[in-house]
Every structure is written in C-alpha cells, then in structure tokens.
Amino acid sequence: MTVQETGPLTTESGAPVADNQNSETAGLGGPVLVQSQHLLEKLAHFNRERIPERVVHARGAGAYGTFTLTHDVSRWTRAAFLSEVGKQTEMFLRLSTVAGNLGSADAVRDPRGFALEFSTEDGNYDLVGNNTPVFFIKGAVKFPDFIHTQKRDPYTGSQEAANVWDFWGLSPESTHQVAWLFSDRGIPASYRHLSGYGSHTYQWGNEAGEVFWVKYHFKTDQGIRNLTTEEAVRLSGVDPDSHQRDLREAIERGEFPSWTVQIQVMPAAEAATYRFNPFDLTKVWPHADYPPVEIGRLELNRNPENVFAEVEQSVFSPAHFVPGIGPSPDRMLQGRLFAYGDAHRYRVGANADHLPVNRPHAARARTHGRDGHLYDGRHGGSKNYEPNGFGGPFETGRPLWEALPLTGTTQYSAAPSHAEDNDFVQAGNLYRLLDEDAKSRLIENLAGFIAKASRDDIVERAVNNFRQADTDYGKRLDAAVQALRA
Ligand code: NDP
C-alpha cells in the first residue's frame, strides 16, 4: 500500500495552503476574489487532467516484471539481452482491450493487446502483440477504415453490426481472425489467463550477420480460461474493472503471473519459397513446419504505484529495436513502425519516451533531439549537433538489423506472392481444430451478431466467407443466421 506523504498542503508552486475548504471572498456574503490563486489553479489543473485516450487499446492495465532467458539463442540473434542463459531483463507489460473507450468494461468480446517493453542494455526493445497470433487485415492502409467499423457510426453514435460485417465480408482475409474473436477464446476470463503472441514476423540476426525470421509466443502458465457470452455480460455489469482488478490483486497476493516464451524460427532463405507469404499477418506458421522452441519466462511481480503516470502514459513502439533484432516486410508491421510513435507524440507529447515509465532504464539515451513540451533538460549544456569538434556521442557503424535483399519495381499489388496465399485455408483449419461443442458455440456467437446486420447482401457476403473456409461451417452458420432472421 502506498505511504501517504505528510507536511503542509501546498499550491503547485509549493506555497503553503491555509484553507482548502473555503475560498477568499469579498466580505462575509460576497463573491470570490480573483486573487484566490489556490482556487483558480486547482480548477485550471482539474480541467487539464485528461490527455487524449488511445484511439485503440484505450482500456488497459500494466505491471512490471522480469524476463529470464532459459535457453541459448545466440545462433539466431546477437541481441545482448538474449546473450546468456539465466540473464534477466526488467520489463513492463500492458494488457488491454482494443475497441472500447477508457471507461469501458474489461469482460468483452474483443482481442486483448499484449504490449511489452524490455529494458535492455542497448535501449528499450518493444513488442506490440495481441492474444491472437493473427490479425484482421494484412496492410496498415486498411487499419483506420477497419477501426472505424469497430467504433461508433458517425450518424447513430453506436457500434453498428452492419458496418462491422460489411467491412469483414468485403475483406475475406479477416475470416481467420474473426473466427478467433467469436470462438471460446474471444472473451478471456482475465489478463492472466490468456496467451500472448508477437503476431508479426521479426528479423533476428546473429553475430555473423546470418538472418532468421522469428515469431514470438507467450504461453500463459496460468492456463487458458475464458468466459461464455452470458458470464461476460453479467461480469461487465457487476465488475467492469474485472481484468484490471484481478491482475493487481494477484500481484498484491504474491501470485505472480508468468508466461513461457517460445519462438518459431525460419531461416531467411526459406521465406521466398515457403508455401504462403510468411509475412502475412492473417496467417500462422503451422507448428508442423516450424515447431515452437522454448527460450524464456516472463513473470509479472510489481504493480504500478500510479496508474495514470505508469499505465496511461506508458508508450510502446514496434520501432524500438535493439542490435540483433529488426523488422520484416510484414505490411501491417511497416505501418505500425510509424503509427505508434506518432500516436505517442500526439497523445503524450514530444518527450513521451523520456517519462519515468518509458525512458531506457538499463541504457542511456544520447540524442541530439532537444526541447519541446516538458523537456527535462537531460542533456545539460552538451552540443546539440553532429559532426562537431567538441566530442560527444559517436556512431557505431553497424545497423541494428541486417540488410534485406530486394528485386523488382515499386508497385501497388494485391497479387499473391506465394503458391498458397489463400485467405480461407487457415480459417478452415481453426474451425476443424475445434471440438463439436466449441464449433456450436462459435456458430451461435457468429450468427447472433451477423443476424443484427440490417442488409441481406451484407449478411450473405459475411456467411460466404465462412462457407469458403469450410463447407460444413458455412452450412451451419447459414442455417443459424436464417433461423434468427426469420
Ligand atoms: P497445430 O495443431 O500445430 O497448432 C494448433 C494450435 O492451436 C496450438 O498451438 C493450440 O495452442 C491452438 N489451439 C488449440 N485450441 C484452440 C482454440 N480453441 N482456439 C485457438 N487456438 C487453439 O496446428 P497449426 O499450427 O496448423 O494451426 C491450426 C490452427 O490453430 C491455425 O489455423 C490457428 O488458427 C490455430 N493456432 C495456431 C498457432 C500457430 O502458431 N501455429 C497458434 C495458436 C493457434 P494452445 O496451446 O494455446 O491450446
């Protein structure tokens, strides 16, 4: 429990406050004086307590913890924090829902964000994943449109099933992730009982400069637990903060949640000839092709002291790489490399990366960037340009990641690049993996929402995507939707 600080109450400038219950007035029954500095300052500060909420992932909770490397990975990456078995790295994890506003309920059908910041000796390394290994779309240019369909309609001011299914029906690549969302795993029981995925493919490069493509899996050690739609509806009303409370209280009890970290590794040369585009975020790499390999353990063991300072102001960017790790050509990732930092500069400010929760803790940031809102003067009087004859920070000469060989011309293309770039095969595999009861619940959940879409053509396109994933899937879904619309 936080210790209460004692001493005189003060103004923001530190002057003692005589009376925090009454303002200075003109006489006994007269109006308040403009010189009531404490009152004016108090009201003005209150008016500025909110910063723009995140446009997605607004609702979340976070905790500090430790990553421990348990297996040697030096043949794949030269990342210093992954250099030695047993090495521990401090980290911060923020878990979130996606579509809801800051004050929305936790127990909803929505993906969960799984954003990590590792405080390494080479600077912060961030991963911005989800509790699903795939995503709704393949390229960032569709992201704002997609999120508009998940949020409030400009006319009705509500989320509209017609908009949601219109977009998904016209975006067949969403069929795989949509099934995840409406399956049993669409409403996790808590932030502790879900697995995280880095989702994107990343480049790892070893000391010799050899390149590997890597996917991350964070498998919950608490076991996967989910809520039924009915349980979630009830819990959302009774305890809207259920996930946030569960995480904080578990850590307070000393029940530290943990995740076993695995990776899938593809040698770089295999990417061009693999069956499908390995950088397509709507697809997993089947375990039979690239078996997951255990590399470490994450444990959350400390709650933030101040939720606004440490969770609301925390920022994560997939562009925060360290030597030995870099981006892949994944087109969603490429957009996110820009969008996250841009969101932070808008939402928190130009110096967001230097707030206590975000600044590098095991490294020192030495830049020629200066000033801006709430600059803390961390550079002192050192020169702010380069090259200079006064000394100061120097370049290392070695890029963080390895060069990517390329051929061809610039272009816009949706043409498949690999033989099996099909949007429905893996969506069907997920359906076929479920047992009979899980299939029935998936159909019921999907049908319940599709049936709310107002137009026949929207409903038909939505059902048709699942029909193409698996004939039985489409037949049962069609029947369930028709029964609800009859
Ligand atoms: P595999 O049999 O090799 O892997 C299946 C995976 O599915 C397991 O990792 C398991 O993870 C997970 N799984 C089990 N039950 C469910 C469920 N109800 N909902 C979601 N995931 C579940 O097959 P493939 O690699 O060929 O994948 C088949 C399908 O499994 C994919 O289309 C994908 O939707 C899903 N999947 C694949 C993953 C991958 O990285 N290949 C990861 C997760 C899911 P767990 O230990 O969590 O139960």
- What heavy-atom pair brings L404 and P329 nearest, and what distance separates the two atoms? CD2-CG, 3.9 Å
- Got a sec, which pairs hit side-chain hydrogen bond (donor to acceptor under 3.5 Å, both in side chains) with one end in residues 99-113, sequence neighbours left out? E53-N101, R59-D106, R109-T229, R112-H243
- Message: Would you say the rings of W259 and Y216 are close, in the sense that their centroids are separated by under 6.0 Å?
- Response: no
- Message: Checking E270 now: which residues fulfil side-chain hydrogen bond (donor to acceptor under 3.5 Å, both in side chains) with it, not counting sequence neighbours?
- Response: Y290
- Query: Are any of the side-chain nitrogens in K283 or D280 under 4.0 Å away from the carboxylate oxygens of its partner?
  - Reply: yes
- Task: Tell me yes or no: between the side chains of Q264 and H217, is some donor less than 3.5 Å from an acceptor?
- Result: yes
- Note on the structure: Hits for side-chain hydrogen bond (donor to acceptor under 3.5 Å, both in side chains) against K142, two or more places apart or cross-chain, chain-then-number order -> S171, E173
- Query: Shortest non-hydrogen contact from V315 to D353?
  - Reply: CG2-OD1, 3.6 Å
- Query: Using a distance-only test with no angle check, is there a side-chain donor-acceptor pair under 3.5 angstrom linking D221 and S258?
  - Reply: yes
- Task: Applying side-chain hydrogen bond (donor to acceptor under 3.5 Å, both in side chains), run through Q203 and S328 and close with a yes or a no.
- Result: CA-CA 6 Å; Q203 188 206 73; S328 76; over 6 Å; no
- Angle class for the F118/F81 ring planes (parallel below 30°, perpendicular above 60°, tilted otherwise)? tilted
- Which heavy-atom pair separates K215 from S199 by the least distance, and what is that distance? NZ-O, 2.9 Å
- Could you walk me through whether E460 and R467 pass the salt bridge (charged side-chain N to carboxylate O under 4.0 Å, His left out) check? CA-CA 10 Å; E460 174 46 29; R467 191 180 292 129; 3.0 Å; yes
- Message: For a 4.5 angstrom cut-off between non-hydrogen side-chain atoms, does R485 reach D456?
- Response: yes
- Query: Would a line drawn from the ring center of F114 to the ring center of Y197 be shorter than 6.0 Å?
  - Reply: no
- Under 4.0 Å between a Lys/Arg side-chain N and an Asp/Glu carboxylate O for R336 and D330? no
- Message: Restricting to non-hydrogen atoms, name the atom on A365 and the atom on P360 that form the minimum distance, rounded to 0.1 Å.
- Response: CB-CG, 4.2 Å
- Query: Any side-chain heavy atom of V322 sitting closer than 4.5 Å to one from W401?
  - Reply: no
- Task: Considering only NZ, NE, NH1 and NH2 on the basic side and carboxylate oxygens on the acidic side, decide whether R455 and D166 come within less than 4.0 Å.
- Result: no
- Task: Might you work through the ring-ring contact (aromatic ring centres under 6.0 Å, His included) test for F316 and H320, ending with a clear yes or no?
- Result: CA-CA 8 Å; F316 304 82; H320 289 173; 9.2 Å; no
- Task: Look up atom CZ in F466 and atom CD1 in I443, then write down how far apart they are to the nearest 0.5 Å.
- Result: 8.5 Å
- Does a side-chain N-to-carboxylate-O contact under 4.0 Å join D457 and R461? yes
- No-hydrogen, no-angle side-chain donor-acceptor test under 3.5 Å, D421 and N277: no
- For A162 against S454, the heavy-atom pair lying closest together: CB-OG, 3.7 Å
- Any side-chain donor near an acceptor of the partner, R378 and N351, under 3.5 Å: yes
- Query: Can you list the steps and then say if E312 with R54 is a salt bridge (charged side-chain N to carboxylate O under 4.0 Å, His left out)?
  - Reply: CA-CA 9 Å; E312 188 62 9; R54 292 166 171 88; 3.7 Å; yes
- Message: We want to know whether E310 and Y64 form a side-chain donor-acceptor pair, criterion being a heavy-atom distance below 3.5 angstrom.
- Response: yes
- Message: Show the nearest heavy-atom pair for residues R370 and H379, with the distance to one decimal.
- Response: NH1-CD2, 3.1 Å
- Query: Looking at CG of L446 and CZ of R476, how far apart are the two atoms once the value is rounded to the nearest 0.5 Å?
  - Reply: 11.5 Å
- Message: Distance check, rounded to the nearest 0.5 Å: Q222 atom CD versus Y191 atom OH?
- Response: 15.0 Å
- Message: Whether E210 and R78 form a salt bridge (side-chain N of Lys/Arg under 4.0 Å from carboxylate O of Asp/Glu) is what I want to check.
- Response: no
- For S74 and D72, run side-chain hydrogen bond (donor to acceptor under 3.5 Å, both in side chains): C-alpha distance rounded to whole Å, both residues' side-chain angles, the deciding distance at 0.1 Å, then the answer. CA-CA 6 Å; S74 58; D72 181 32; 2.9 Å; yes
- Query: Could you go step by step and tell me if N301 and T66 meet the side-chain hydrogen bond (donor to acceptor under 3.5 Å, both in side chains) rule?
  - Reply: CA-CA 8 Å; N301 46 34; T66 313; 3.2 Å; yes
- Message: Going by ring-ring contact (aromatic ring centres under 6.0 Å, His included), name the residues that satisfy it together with Y431, two or more places apart in sequence or in a different chain.
- Response: Y473
- Message: My understanding is that only residues two or more places apart in sequence, or in another chain, count here; which of them pass side-chain hydrogen bond (donor to acceptor under 3.5 Å, both in side chains) with R359?
- Response: none
- Query: Can you check whether W165 and F182 have ring centres sitting under 6.0 Å from each other?
  - Reply: yes
- Check ring-ring contact (aromatic ring centres under 6.0 Å, His included) between F279 and all other residues, then give those that pass, not counting sequence neighbours. W213
